[in-house]
Structures are given as structure tokens and as C-alpha cells.
**Student:** 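Here you go, one structure.
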Amino acid sequence: MTADVVDQTTGAGEPLAADEIRAMRERIDEIDQAIIDLWLERARLSQTVGKTRMASGGTRLVLSREREIVDRFRAALGPDGTQIALMILRAGRGPL
């Protein structure tokens, strides 16, 4: 591959760069799968917490807990953390 020829799967112009990109993408795919698996586990646990709380006569939501989660994600990830936390919370409790 010369500098004039770009690898169509990686966008790289050099073979070594293409190999590096493939290796990094493989790790990205592994991380993505771990995120998906953890997301699903978290949603199941959160749903179980909600069902247990309501079965015991408690409330459907605990807003102070949700605020704590949003604040933690915002502190760690900046403004996007708020949106991520809200999506995670919705996955666990469903839409309001």
C-alpha cells in the first residue's frame, strides 16, 4: 500500500497504521460489548430494586438517588454525563 492508496476498511494510508487501527478497533469492540453487558445488568438490577421497593409499600422512584447518580456522571464526564445518566436511569425504571 502506498501513501496514494488508502485502506478502505481503516482509512489509513500506510499498512502499519492500518494494522494499528484494526487492533484498536478490536479493543473498542470488546469495550463496547462490556458496556452493553453492564448496561443490561444495571437495568435488570434497577428494575428489581424498584419492584422490591414498591412491593414493600415504598415509592416508585427515589428522586434523591436519581439526582445523586446524575451528579456523579456529570462530575466524571462533564455535560454529556448528564445525558448518559438520564438514559441509564430511564433504562432501569422506564419512562416517567
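Quantities reported herein were computed from a predicted structural model and do not represent experimental measurements. Worth knowing before you read on, the calculation uses all heavy atoms, side chains too, and leaves out hydrogens, waters and symmetry mates.
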**Student:** After noting the C-alpha distance and the side-chain angles of E41 and L38, does the key distance pass the side chain to side chain contact (heavy atoms under 4.5 Å, CB included) rule?
**Tutor:** CA-CA 5 Å; E41 179 183 5; L38 289 168; 3.9 Å; yes
**Student:** List the atom of R93, the atom of R60, and the distance in Å for their closest heavy-atom pair.
**Tutor:** O-NH2, 2.9 Å
**Student:** Using a 3.5 Å distance criterion without hydrogens, assess whether the side chain of R22 forms a donor-acceptor pair with backbone atoms of T10.
**Tutor:** no
**Student:** Atom CD1 of I36 and atom CD1 of I31: how far apart are they, to the nearest 0.5 Å?
**Tutor:** 12.0 Å
**Student:** Verify, without hydrogens or angle tests, whether E20 (side chain) and P15 (backbone) share a donor-acceptor contact under 3.5 angstrom.
**Tutor:** no
**Student:** Hey, could you give me the CZ/CG distance between F73 and L89, rounded to the nearest 0.5 Å?
**Tutor:** 8.0 Å
**Student:** Determine whether a donor-acceptor pair (N or O, by modelled atom type, separation under 3.5 Å) exists between the side chain of R74 and the backbone of I69.
**Tutor:** no
**Student:** Find the distance between CD (Q83) and CD1 (I88) and round it off to the nearest 0.5 Å.
**Tutor:** 11.5 Å
**Student:** Whether the side chain of R53 engages the backbone of T59 through a donor-acceptor N/O pair (distance < 3.5 Å, no angle test) should be reported.
**Tutor:** yes
**Student:** If you group Ile, Leu, Val, Met, Phe, Trp and Tyr by side-chain heavy-atom gaps below 4.5 Å, do W39 and L45 land in one group?
**Tutor:** no
**Student:** With a 4.0 Å cut-off, would you call R27 and E30 a salt bridge?
**Tutor:** yes
**Student:** Would you check, one step at a time, whether the test side chain to side chain contact (heavy atoms under 4.5 Å, CB included) holds for L86 with E66?
**Tutor:** CA-CA 9 Å; L86 293 173; E66 290 200 357; over 6 Å; no
**Student:** I'd like to know if the side chain of T52 and the backbone of T48 have a donor-acceptor N/O pair within less than 3.5 Å.
**Tutor:** yes
**Student:** Count I, L, V, M, F, W, Y as connected when their side-chain heavy atoms are under 4.5 Å apart, and connections chain through other members. Are V70 and I84 then in the same cluster?
**Tutor:** yes
**Student:** Output the distance between atom CG (D7) and atom CG (D19), rounded to the nearest 0.5 Å.
**Tutor:** 8.5 Å
**Student:** For a quick check under 3.5 Å, do Q33 and D29 share a side-chain donor-acceptor pair by atom type?
**Tutor:** no
**Student:** Can a donor-acceptor pair be found, under 3.5 Å and without considering hydrogens, that links the side chain of E14 to the backbone of A12?
**Tutor:** no
